[in-house]
Amino acid sequence: MYSLSKVTWKAGTMLYPLPPVMVSCGTMERANIITVAWTGIVNSEPPMTYISVRPERFSHGLIKETGEFVINLTTDRLVWNADFCGVKSGRDTNKFALPGLTAVKASAVSAPMIEESPVNIECRVERSILLGSHEMFISKIIAVNVNEKLLDAKGVLHLEKAGLAATAHGKYFTLGRQVGSFGYSVRKR
């Protein structure tokens with residue numbers, strides 16, 4: 001028999017791990033990066049995502065102005081950059097120059113992509129909802145850009161080779177070993 005002893009806390013944000021993504025916004029001429037963990041997929045067809053941003057953040061105004069942004073996935077090698085972009089303000093810091101990131105033109109939106117990121121997800125805001133501390137930008141995924149080094153000869157994506165990072169309760173981690181795949185619990189042996 002297995003028994004759990006639990007302590008009840010007040011309601012809070014305890015859904016972990018999360019992706020610490022770098023969201024690039026603005027334009028190539030006036031670019032910024034904000035790191036957020038409040039992101040995820042909200043729909044498959046059409047593909048849609050969201051990010052939630054505090055209205056007082058510099059990036060919030062840029063996203064409201066252009067209606068576009070790029071979600072750039074963070075790897076173990078980019079964790080320092082992601083942390084820097086999350087604690088510094090774009091009002092007084094060039095977040096591409098100082099942490100040594102490269103802004104490149106996106107294929108479909110005005111916001112730049114981060115070249116060093118293995119996957120860049122171009123997004124266009126469909127609607128936003130002010131929820132309290134954050135405004136949620138619900139967005140269509142317009143294009144996905146993938147580093148060719150993550151593709152095999154047949155064009156199959158091997159994202160596990162990217163060294164993706166996660167955050168849990170204020171700490172950063174790299175993703176570990178694979179423990180299963182979708183549907184493996186019901187596959188015939």
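Just so you know, residue 1 is the first one in the sequence shown, and it goes up from there. Computed from a prediction, not measured in an experiment: that's the story for all the values here.
Taking CD1 of Ile63 as the start and SG of Cys25 as the end, the distance is 4.5 Å to the nearest 0.5 Å. Rounding to the nearest 0.5 Å places CG of Leu98 at 11.0 Å from CD1 of Ile33. Separation of atoms OG (Ser89) and CG (Asn32) is listed at 7.0 Å; rounding is to 0.5 Å. Note that the NE2 atom of His169 and the CE atom of Met14 stand 5.0 Å from one another [nearest 0.5 Å]. Here OG1 of Thr75 is found 9.5 Å from CD of Glu116. Values are rounded to the nearest 0.5 Å. A distance of 5.0 Å separates CZ in Phe96 from OG in Ser24, rounded to the nearest 0.5 Å.
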After noting the C-alpha distance and the side-chain angles of Val42 and Ile138, does the key distance pass the side chain to side chain contact (heavy atoms under 4.5 Å, CB included) rule?
CA-CA 8 Å; Val42 296; Ile138 301 169; 4.2 Å; yes

Would you please test Leu159 and Leu164 for side chain to side chain contact (heavy atoms under 4.5 Å, CB included) and show each step?
CA-CA 8 Å; Leu159 199 50; Leu164 293 178; 3.7 Å; yes

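When Asn120, Val144, Thr39 are each tested for a side chain to side chain contact (heavy atoms under 4.5 Å, CB included) with Ile71, only one passes: Thr39. No option in Val70, Leu101, Ile34 other than Leu101 meets the side chain to side chain contact (heavy atoms under 4.5 Å, CB included) test with Met22.
Under a hydrophobic-cluster definition in which Ile, Leu, Val, Met, Phe, Trp and Tyr are linked whenever side-chain heavy atoms come within less than 4.5 Å, directly or via other members, Val36 and Val119 are assigned to the same cluster. Hydrophobic clustering places Ile141 together with Val21 (ILVMFWY residues linked when any side-chain heavy atoms are closer than 4.5 Å, directly or through intermediates). Tracing side-chain contacts under 4.5 Å through hydrophobic residues (I, L, V, M, F, W, Y), one reaches Val23 starting from Val125; they form part of the same cluster. Under the 4.5 Å side-chain heavy-atom criterion for grouping Ile, Leu, Val, Met, Phe, Trp and Tyr, Phe173 is not connected to Leu73 through any hydrophobic cluster. Linking ILVMFWY residues whenever their side-chain heavy atoms come closer than 4.5 Å, directly or via other members, places Leu78 and Ile114 in the same cluster.
The shortest non-hydrogen separation linking Ala103 to Pro112 is CB-CB, 3.9 Å. In plain terms, the two heavy atoms of Ala168 and Pro17 that are nearest each other are CB-CA, 4.5 Å. Contact between Ile142 and Ala108 at its shortest, heavy atoms only, is CG2-CB, 3.5 Å. Of all heavy-atom pairs spanning Lys140 and Pro46, the tightest one is CE-CG, 3.9 Å. When every heavy atom of Thr35 is checked against every heavy atom of Ala82, the shortest pair comes out as OG1-O, 2.6 Å. Annotation for Val109 and Cys123: closest pair CG1-O, 3.8 Å, computed over non-hydrogen atoms.
Between the side chain of Thr167 and the backbone N or O of Leu18 there is no donor-acceptor pair closer than 3.5 Å. Looking at Glu122, its side chain does come within 3.5 Å of a backbone N or O of Ser107 through a donor-acceptor pair. A donor-acceptor distance shorter than 3.5 angstrom exists from the side chain of Asp152 to the backbone of Val156, with no hydrogens or angles considered. Listed for the Ser139 side chain is no donor-acceptor partner under 3.5 Å among the backbone atoms of Tyr50. A donor-acceptor pair under 3.5 Å is absent between the side-chain atoms of Asp76 and the main chain of Ala165, judged by distance alone. Remark: side-chain polar atoms of Thr74 are paired, donor with acceptor, to backbone N or O of Pro20 under 3.5 angstrom.
Around NE2 of His158, the count of heavy atoms belonging to other residues, nucleotides or ligands within 6.0 Å exceeds 12.
Side-chain atoms of Met136 and Ile51, non-hydrogen and from C-beta on, never get closer than 4.5 Å to each other. Contact check for Met48 versus Ile41: no side-chain heavy atoms found under the 4.5 Å cut-off. The side-chain heavy atoms of Thr13 and Trp38, taken from C-beta on, include a pair separated by under 4.5 Å.
Residue pairs meeting the salt bridge (Lys or Arg N to Asp or Glu O under 4.0 Å) criterion with at least one partner in residues 81-109, sequence neighbours excluded, are absent. Among pairs with a residue in residues 39-65, those fulfilling salt bridge (Lys or Arg N to Asp or Glu O under 4.0 Å) read Arg30-Glu65, Arg54-Glu56, Lys64-Glu135, at least two apart in sequence or across chains.
Using a 3.5 Å distance cut-off with no hydrogens or angles, the side chains of Ser110 and Glu68 do pair a donor with an acceptor.
Ring orientation note: the planes of Phe137 and His60 are tilted relative to one another, at an angle of 30° to 60°.
Looking at residues two or more places apart in sequence or on another chain, you find a side-chain contact (heavy atoms from CB on, under 4.5 Å) between Ser181 and Gln178, Tyr184, Arg187.
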